[in-house]
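Below, chain A is the first sequence line, B the second, and so on; all start at residue 1. Worth saying up front: this structure is predicted, and the values here are computed from it rather than measured.
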There are 2 protein chains.
Amino acid sequence: MLSYTEENYLKALYHLMVEKDTKPEAGTNELAAYLGVKPATVNDMLKKLKDKKLITHERYGKIRLQTSGRKLAIEIVRKHRLWETFLYEKLDFNWHEVHDVAEQLEHIQSPKLIEKLDAFLNYPSFDPHGDPIPDKDGNMPKSQRRPLSKSVEGCRVVILGVSEHSELFLNYLSDNHIGLNDKFTVERITPFDETMRLSSKKNPDILVSNKAANKIQVTCLRSDCGCGKM
Amino acid sequence: MLSYTEENYLKALYHLMVEKDTKPEAGTNELAAYLGVKPATVNDMLKKLKDKKLITHERYGKIRLQTSGRKLAIEIVRKHRLWETFLYEKLDFNWHEVHDVAEQLEHIQSPKLIEKLDAFLNYPSFDPHGDPIPDKDGNMPKSQRRPLSKSVEGCRVVILGVSEHSELFLNYLSDNHIGLNDKFTVERITPFDETMRLSSKKNPDILVSNKAANKIQVTCLRSDCGCGKM
DNA sequence: TATAAAAGTTAGGCACATCTAACAAATTGT
DNA sequence: ACAATTTGTTAGATGTGCCTAACTTTTATA
């Protein structure tokens, strides 16, 4: 049984290594900065995780997740994203409010609870931020997601998520009535600065800068619009 | 902000004092036994809770909850019972499975979460065990509940809960198809040992000993059956 | 009422997760 | 290539929640 803190270290390693940069290792300082603790503290914990065979790490070397550690990390990610989905879909939380509460809920120990929650939510594949939810065997659903900026004029897209989670950005999206699962048509892309003009049922004219479009993840709803392979 | 452990001490005091015996104070050993720790450990914590003005306690004296401590304890009880209700009603947990998971969930810190959960469950007044759920101001709903053993022949009753939560007893109820919110008619009470013969739609003949009937909480559905004031 | 039993307290210690300060190794930049 | 910078490690300390062992006060009873 892992402590609350040990779980957080594994999850942090997973995010740093597998999700952030897709490199297979991380450093002590990097991990310390990510978790908001001092490198010395990380060192103590590395020793413990190494004893439990969850990571590999030798003096002055890089940290790697072992298979068992990665498996546990994915379980925690699964719990986190299922809870976020629950909060968003069932309890009417806003997009940017779910993370902090899910951060607590992910540590609840009860395999049955997670299975039942998954079923209750109808086995969702993506959380409210559009991030993939691993299934109970740890498999990530594959998505055809891409940044909105890759779409071309005439594309019909659905919002899958975002690649930046700052409150500033999430509020920007709210203000512009861009929400998860909303559908838009790309009406026009200004050649000079690539600002996109979108339309939706609710709002026939939304301007999105290239900077924002890069951080909005979508999937294209047509196979014939020329925006590239699905 | 209270720690997980501090919260558990407050809740334990509340249960010992307010619910178990309705006496306004508790002893160190009693609390230690209830929490499964040593008296010395309790002593350390009492000091901390006293410093935070949540309890009163003087050397070799009894422990009492202060108003602020009682308020916090009731909040935790509220959270616990709302989560139990959620697990039972929405996630199909069994009656006796909800407690342990709720024990973890009750410590999640998010006022909004509890408000939303309460609304999602439609502001329930009683949890799956039939225990009252305090509202957000700490008021307990009043119930007309009484032990089944107080009912008389001809009574039509609905099961509100139980006053013993052992797995043995809960299984006894399952085996006899006695569940929360089930309705029964008291057909006959054997004069010698007060064994009750009940009938329900599902099962026309259930025998319940006086011992069990004392631990089954019901409310009477008729005002004219002579079982006493509602 | 004196004493045995029960209840409560204190002192000292341990594991955990954290820190600071000092040090050691590896990387980098000229 | 070696000095400066970055990165990583160690030692020693702190606060929390728990323990055991020894002690003191209260209470119950012979």
Side-chain angles (χ1 to χ4, degrees), chain A residues 1-13 16-17 20-21 23-65 69 72-73 76 103-104 106-107 109, chain B residues 1-17 20-21 23-65 69 72-73 76 103-104 106-107 109:
Chain A
M1 183 95 308
L2 297 183
S3 74
Y4 191 102
T5 311
E6 287 168 331
E7 288 196 348
N8 279 142
Y9 275 80
L10 285 184
K11 191 179 57 142
L13 280 170
L16 277 177
M17 290 158 50
K20 265 210 160 164
D21 286 313
K23 62 177 181 203
E25 50 191 31
T28 306
N29 282 9
E30 192 186 359
L31 182 53
Y34 186 84
L35 285 167
V37 298
K38 300 292 163 184
T41 308
V42 167
N43 238 285
D44 291 341
M45 182 57 83
L46 292 184
K47 194 175 170 309
K48 232 180 299 175
L49 295 175
K50 207 167 52 178
D51 289 348
K52 294 194 177 182
K53 301 263 170 68
L54 299 172
I55 62 167
T56 54
H57 179 238
E58 40 199 75
R59 264 179 118 218
Y60 297 104
K62 292 293 180 183
I63 312 158
R64 284 163 178 269
L65 277 172
L72 286 168
I76 300 161
E103 202 73 7
Q104 298 179 62
E106 72 190 6
H107 298 290
Q109 301 292 334
Chain B
M1 184 97 306
L2 296 184
S3 75
Y4 190 102
T5 311
E6 288 168 330
E7 289 197 346
N8 279 336
Y9 275 80
L10 285 184
K11 191 179 57 145
L13 280 170
Y14 180 78
H15 282 133
L16 278 176
M17 290 158 51
K20 267 211 159 162
D21 287 312
K23 62 179 181 202
E25 51 190 30
T28 307
N29 282 9
E30 190 185 2
L31 182 52
Y34 185 84
L35 286 167
V37 299
K38 301 291 160 181
T41 307
V42 167
N43 239 284
D44 290 341
M45 183 57 84
L46 292 184
K47 194 176 169 306
K48 231 178 301 176
L49 295 175
K50 207 167 52 178
D51 288 349
K52 294 193 177 182
K53 301 262 171 66
L54 299 171
I55 62 167
T56 54
H57 178 237
E58 40 200 75
R59 268 182 111 209
Y60 297 104
K62 292 292 182 185
I63 311 158
R64 285 163 176 269
L65 276 172
L72 286 168
I76 300 161
E103 202 73 5
Q104 298 179 61
E106 73 191 5
H107 300 289
Q109 300 292 332

Worksheet item: ring pair (Phe, Tyr, Trp, His ring centres under 6.0 Å) with A/Y60: which residues, sequence neighbours excluded?
Response: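 Result, ring pair (Phe, Tyr, Trp, His ring centres under 6.0 Å) vs A/Y60: none returned.
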Side-chain N or O of [X] less than 4.0 angstrom from OP1 or OP2 on [N]?
| X | N | answer |
| --- | --- | --- |
| A/N43 | D/dG8 | no |
| B/T28 | C/dT9 | yes |
| B/H57 | C/dA7 | no |
| A/K62 | D/dT7 | no |
| B/S3 | D/dT16 | no |

Whole angstrom is fine here: how far is it from [atom1] in [X] over to [atom2] in [N]?
| X | N | atom1 | atom2 | result |
| --- | --- | --- | --- | --- |
| B/E7 | D/dT16 | CD | P | 16 Å |
| B/I55 | C/dG8 | CD1 | C1' | 14 Å |
| A/L31 | D/dT7 | CG | C1' | 13 Å |
| B/M45 | C/dT10 | CE | C1' | 18 Å |
| B/M1 | D/dG15 | CE | P | 21 Å |
| B/E25 | C/dG8 | CD | P | 11 Å |
| A/K47 | C/dA15 | NZ | C1' | 13 Å |
| A/Y34 | D/dT7 | OH | P | 19 Å |

Worksheet item: Among A/L31, A/L35, A/L54, whose side-chain contact (heavy atoms from CB on, under 4.5 Å) with A/L13 holds?
Response: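 That would be A/L31.
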Worksheet item: Of A/D51, A/N43, A/L49, which meets side-chain contact (heavy atoms from CB on, under 4.5 Å) against A/K47?
Response: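 That would be A/D51; it is the only one of A/D51, A/N43, A/L49 passing the side-chain contact (heavy atoms from CB on, under 4.5 Å) with A/K47.
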Practice prompt. Please work out if B/Y4 contacts a base, only the sugar-phosphate, or nothing of the nucleic acid, heavy-atom cut-off 4.0 Å.
Written response: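 Nothing, no heavy atom under 4.0 Å.
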Every protein N/O lying under 3.5 Å from an N/O of nucleotides 19-26 of chain C:
| unit_1 | atom_1 | unit_2 | atom_2 | d |
| --- | --- | --- | --- | --- |
| C/dC19 | OP2 | A/K38 | N | 3.0 |
| C/dC19 | OP2 | A/T41 | OG1 | 2.5 |

Practice prompt. Evaluate salt bridge (charged side-chain N to carboxylate O under 4.0 Å, His left out) for A/K11 paired with A/E103, printing each intermediate quantity in order.
Written response: CA-CA 11 Å; A/K11 191 179 57 142; A/E103 202 73 7; 2.9 Å; yes
Practice prompt. Assess whether side-chain contact (heavy atoms from CB on, under 4.5 Å) is satisfied between A/L65 and A/E25, documenting all intermediate values.
Written response: CA-CA 8 Å; A/L65 277 172; A/E25 50 191 31; over 6 Å; no
Worksheet item: To the nearest 0.5 Å, how far apart are CD in B/E106 and CD in B/E7?
Response: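 Going from the CD atom of B/E106 to the CD atom of B/E7 covers 7.5 Å.
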Discussion item. Donor-acceptor check, side chain of B/K62 to backbone of B/A26, threshold 3.5 angstrom: yes or no?
Written reply: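 No, the answer is negative, given that no donor and acceptor are paired below the 3.5 Å cut-off.
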